[in-house]
Structure formats: C-alpha cells, structure tokens
Amino acid sequence: MIDVRLLRNEPHLVKAALARRGKPELLVQLDTAISLDEQVRDITARRDTIRARVNELSKLVGTARRNGDNDEAEKLQAESRSLGDDEKSLAESFETAQGQLRDVMLRLPNLPHPDAPDGASDHDNPLVIGPNQMPASFTEHQRMPHWEIADALGILDNERAVKLSGAMFTMQRGAGAMLSRALCQYALDMNADAFEEIRPPSLVTTATLTATGQLPKFAEDAYAIERDDLWCIPTAEAPLTSMYAGEVLDDAQLPLRLMAYSSCYRREAGSAGRDTRGMLRAHEFDKVEIFALSTPETADELLIELRDRAERLIAGLGLPYRIIEICTGDMGQSHHRSFDIEVYAPGCDNWLEVSSVSWFSDYQGRRADIRYRKTGEKGTHIANTLNGSALAVPRVWAAIMENFREADGSVIIPEVLRPYMRGMDRISPRG
RNA sequence: GGAACGGUGGCAGAGCGGACAAAUGCAUCCGCCUUGAAAGCGGAAGGCUCAAAAGGCCCGGGGGUUCGAAUCCCUCCCGUUCCGCCA
C-alpha cells in the first residue's frame with residue numbers, strides 16, 4: 001500500500017510516479033483515493049469533537065454523582081445521550097468511507113523506483129547482464145523440446161499427472177524426480193551461509209495473502225480452500241513476508257534474511273492454453289525463495305545481493321542466461337524495482353524466466369504492518385521487503401534437459417548437482 | 001469435535017464499571033556515582049491518527065448494555081491444559 005500521507009501531502013509526486021506505469025485508469029483511482037481521504041478526515045474531525053464532549057460530560061456525571069448532586073447528573077446525562085445519536089451516525093459514515101478508501105488503496109500498485117527503466121511492455125525491458133555462458137552454436141540434438149527428451153528418458157509422466165489432477169499438472173519420476181529435489185537442495189545449500197531456512201505452511205489466511213498483494217486484486221489466480229477460509233500459497237514469499245506481520249523489530253535485527261523451499265500453487269487463470277506441454281507452466285511447482293526484511297537504507301544493496309545469489313545458482317549450473325530489468329509498464333503490482341533472470345532453452349528456442357528478484361519498498365511492509373524501531377529513537381518505521389526466486393525448479397529442469405542433451409539421447413547432470421543425485425552424472429534412456 | 005482456563009505496553013504481569021493509557025518487574029534511554037563498567041540511586045519513556053497544539057482511537061476482533069467499559073453481556077478468532085480422533 002502506498003503511504004496515504006504521501007498521497008495527501010505530495011499528490012503530484014505520486015501521480016507522476018504512477019503515471020510511469022502507463023495505465024491511465026490508475027490516475028482515476030488515485031483521484032478517488034484522494035477525495036475519499038478528504039472525506040474520511042472531515043468526518044473524523046466532526047466525530048472526534050462530539051466524542052470529546054461526551055467524554056467530558058461523562059466525567060462531570062461521575063463528579064456530580066459523587067457529590068450527591070443528582071439533578072445535575074441527570075441533566076448532563078440527557079445532554080450526553082442526545083449527542084450519542086450524532087456520534088453514531090458519524091461513526092457509521094466514517095466506517096463506510098474508511099472501508100472504501102482502504103479498498104481503493106489496496107488495489108493501487110506500488111510506485112516504481114526512480115531508476116526503474118521506463119517502458120510500455122516486456123519488449124522494453126533492458127538487458128542488464130549477458131547473455132553469459134552462451135555457446136557459439138547449438139547442435140541438432142539440443143533442438144528437441146524437453147518434454148520429448150524427458151519422455152524418451154521415462155522421467156516425466158504428465159499423462160498420469162493429468163489423470164490424477166487434471167490439465168497443467170506435472171509429475172516427474174525416477175531420475176527426473178530426483179533432479180527436482182536436487183535443484184532445491186542445491187539452492188538451499190548455496191544460500192545457507194546467510195539465510196535462515198524456513199519450512200512454512202502451504203495454506204495461509206486471507207490476511208497473509210493480502211499483505212503481499214495477491215489479494216484482493218488477484219483472487220482469481222490463487223487456489224482457495226473456501227470451507228476453511230484458507231488459500232494455497234502461490235509462492236513462499238507470502239508466508240515469509242507475513243512471518244513478522246504486526247511486530248515491531250529492533251533495527252539491530254535487520255536485515256533479516258530467510259529462505260524457504262515450498263510447493264507453489266497457481267490457477268494460471270489468465271494463461272489457459274499457453275505452454276500446456278512439458279514443464280513450463282503448471283498449477284503446482286517447487287521453488288526455493290530467498291527473502292529479506294530491511295531498512296530502506298540497505299534495501300538497494302540487498303536487491304543486488306539477492307540478484308547476485310540467484311545469478312550464481314544459474315551460472316553454477318552452466319546454463320546460458322541473461323538478466324533483464326523490468327520496465328515500469330511491465331512491473332508487478334507490488335514491485336518497486338525488479339529483475340528477471342532468463343535461461344535459454346534451445347529445444348523450445350526460447351528464453352525462459354527462471355527467477356524474479358524484486359524490491360517492494362514499504363508497500364508490503366505497510367500492508368503487513370511490519371515495523372522496526374531505531375535504537376534510541378522514539379517511534380517506529382515501516383520495514384522494506386525484498387524477495388527473489390533463488391531457483392524455480394520446472395523451467396531450470398527443462399533447460400537442463402535441452403542444453404545438456406547428448407547425441408545418444410542422454411542428458412548430462414551438471415556437476416554441482418551430482419552430490420544430490422547419488423553421484424549420477426547422466427540420465428540415460430532406460431533399457 | 002467436547003470441556004476448563006486464558007488473551008492487557010518491547011517482554012512478563014496487576015487491574016475486573018468513573019480519578020486507567022493503565023500498577024509493578026525486566027528490557028530501553030538520560031543523569032549521578034565510578035579510571036571504565038556492573039550494582040546502586042534519581043529521572044525519562046507506549047502505539048496510531050492530525051502539519052501541529054488541542055482532541056480522538058488502541059487492553060485479541062466484532063457487536064451490545066451504560067451518561068461512562070480493559071472491567072458487564074453476546075459472538076467470533078487465537079492460545080494453554082484435559083478428553084476424543086488421527087499421520
């Protein structure tokens with residue numbers, strides 16, 4: 001959520017920043033928010049004046065009763081009662097206006113960072129790093145899509161996954177299943193030097209999913225367990241971000257670094273029919289997420305740290321990759337500044353987004369009410385949040401298939417994964 | 001799922017219709033003492049809202065009773081313990 005005070009005091013700044021996202025309807029919403037805020041403050045002022053008088057009268061009633069002056073007390077009580085109705089109706093208008101304001105504010109996206117590149121769509125995302133580790137050319141046997149490679153190796157059984165759960169569910173078996181698990185283990189081990197490992201719940205409350213920005217606007221994209229009012233997490237970002245919701249931390253505890261392996265659940269409501277084959281888009285997938293909670297002062301360094309860590313994982317696997325920065329027109333709702341790591345998959349002949357690393361400024365921190373206190377200072381500040389996929393399994397899995405396929409149809413396992421693969425150095429066709 | 005007991009400031013914990021934003025302890029900050037520190041002594045200090053003062057709001061959430069609610073009533077949520085069920 002954007003700071004209402006900023007909206008109030010510097011509306012032109014907020015307008016200018018949001019305009020960079022290139023969506024005119026946002027500016028209309030912004031005006032609605034501004035006028036609702038004015039309403040709320042006007043009602044508050046009038047309500048509080050009445051409340052002050054009621055409080056004052058109540059004290060006088062107490063005094064009068066104690067002094068045995070019952071006539072005076074009756075008189076004061078009558079006055080107080082008559083104010084009660086006005087107070088009640090003002091309180092109701094306040095609730096209404098406040099609720100409307102909150103709803104608009106929750107749906108407004110974050111302001112882009114001043115250094116975030118301008119642009120209208122993903123075509124305008126500038127290249128920041130790479131392409132690195134790109135071979136001069138690809139051989140013919142690398143030009144096979146991973147689902148065909150995996151099928152030939154007997155390590156992907158999406159037909160049966162569909163039988164179990166329906167379209168867009170995947171199932172790996174044998175060395176394929178082991179490879180998924182190895183990728184997670186690798187990602188966790190490579191970040192264990194600075195990140196505390198968390199195994200969070202996969203089902204979370206509405207409040208938790210609202211804090212990160214998935215709700216209320218993107219309810220269609222998430223799986224809901226309606227009977228129990230719970231949601232399946234689309235990413236471990238949700239539980240990690242809300243771990244400290246409603247708490248006040250000491251600044252000495254910051255930055256706080258957490259990482260988590262989890263399954264992620266996405267309805268993919270807007271992309272039915274896209275990437276239906278193989279592993280590129282599924283309703284359920286595994287991911288290792290890295291997360292940091294910080295002061296605004298250190299957030300920009302942390303963003304680069306998280307990005308470097310994600311890059312190091314991909315580089316370590318020997319895959320061809322590049323890093324792009326997300327432009328204002330392509331940025332996610334909660335993002336302040338954001339980078340994507342893409343891996344080239346020769347079989348699909350596509351750059352696959354395998355990691356997204358973002359800084360949310362205080363947008364999520366305000367929604368989650370995560371605050372910190374500076375040592376020796378009065379008052380509290382809203383914490384900044386950052387996160388990134390350290391490693392999203394399916395697309396990396398697919399890229400390994402397509403990049404490391406040999407002429408004989410076998411796939412070489414990257415060296416860094418072999419310790420997690422019981423020493424296996426390649427996946428060969430069965431029999 | 002059933003029963004009992006709970007939910008109060010950063011933490012622990014009193015208060016159980018009016019003088020309560022709320023005792024006390026720990027932690028924090030500032031003095032004094034000390035070469036320095038600890039201990040001791042004295043003092044300061046909750047959060048949110050408002051440009052600020054005044055004012056208002058906050059004792060798990062919501063609703064009610066009352067002139068007045070942390071305190072009484074209803075309801076929901078959460079926790080602990082016991083029982084039931086169960087990887």
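Chain naming here is simple, since letters A, B, ... match the order of the sequence lines and numbering starts at 1 in each. Just so it is clear, the structure is predicted and the values come from calculations on it, not from any experiment.
- Checked by distance alone, A/Asp48 brings no side-chain donor or acceptor within 3.5 Å of a matching partner on the base of B/rG56.
- Within 6.0 Å of CD in A/Glu226 there are 12 or fewer heavy atoms belonging to other residues, nucleotides or ligands.
- Checking the phosphate oxygens (OP1, OP2) of B/rC48, a side-chain nitrogen or oxygen of A/Thr380 falls inside 4.0 Å.
- Using atom P as the reference point in both B/rC72 and B/rC86, the two lie 40 Å apart (nearest Å).
- On the C1' atoms, B/rA69 is 14 Å away from B/rC58, given to the nearest whole Å.
- Nucleotides B/rU66 and B/rG79 have their C1' atoms positioned 31 Å apart, rounded to a whole Å.
- For B/rG56, neither phosphate oxygen OP1 nor OP2 lies less than 4.0 angstrom from any side-chain nitrogen or oxygen of A/Arg51.
- Where A/Val54 and A/Arg41 meet RNA chain B, the nucleotide closest to each residue was compared, and A/Arg41 sits on the side nearer the 5' end.
- Nucleotides B/rG64 and B/rC78 place their C1' atoms 22 Å apart, quoted to the nearest Å.
- Contact annotation: A/Asn55 side-chain N/O to B/rG68 OP1/OP2 distance is not under 4.0 Å.
- For A/Ala52, counting side-chain heavy atoms from C-beta on, the closest listed nucleotide (B/rG47, B/rG55, B/rG18) is B/rG55.
- As rounded to the nearest Å, B/rC48 and B/rG10 have P atoms that lie 10 Å from one another.
- Atom name P, nucleotides B/rA21 and B/rG55: the rounded distance is 12 Å, in whole Å.
- Taking the six-membered ring for Trp and the full ring otherwise, A/His336 and A/Phe360 have centroids separated by 6.0 Å or more.
- A gap of 10 Å separates the P atoms of B/rG15 and B/rG7, to the nearest Å.
- Relative ring orientation between A/His283 and A/Phe169 is described as tilted, the plane-to-plane angle lying within the 30° to 60° band.
- Less than 6.0 angstrom separates the ring centroid of A/Trp359 from the ring centroid of A/His113.
- Nucleotide B/rA38 has no partner under the Watson-Crick or G-U criteria, as no pair reaches both atom distances under 3.5 Å.
- Across every strand in view, B/rC5 sits in a pair with B/rG79 that passes the Watson-Crick or G-U test at under 3.5 angstrom.
- Judged by closest nucleotide on RNA chain B, A/Gly62 is the one of A/Gly62 and A/Glu56 placed further toward the 5' end.
- With distances taken from any side-chain atom of A/Val61 to the nucleotides B/rG56, B/rG18, B/rG64, the minimum falls on B/rG18.
- To the nearest 0.5 Å, atoms SG (A/Cys264) and CD (A/Glu284) are separated by 9.0 Å.
- Among the nucleotides B/rC48, B/rC67, B/rU49, the one closest to the side chain of A/Arg5 is B/rU49.
- Here, B/rC41 and B/rC73 have their P atoms 42 Å apart, quoted to the whole Å.
- With a 3.5 Å ceiling on both atom-pair distances, B/rU71 lacks any Watson-Crick or G-U wobble partner.
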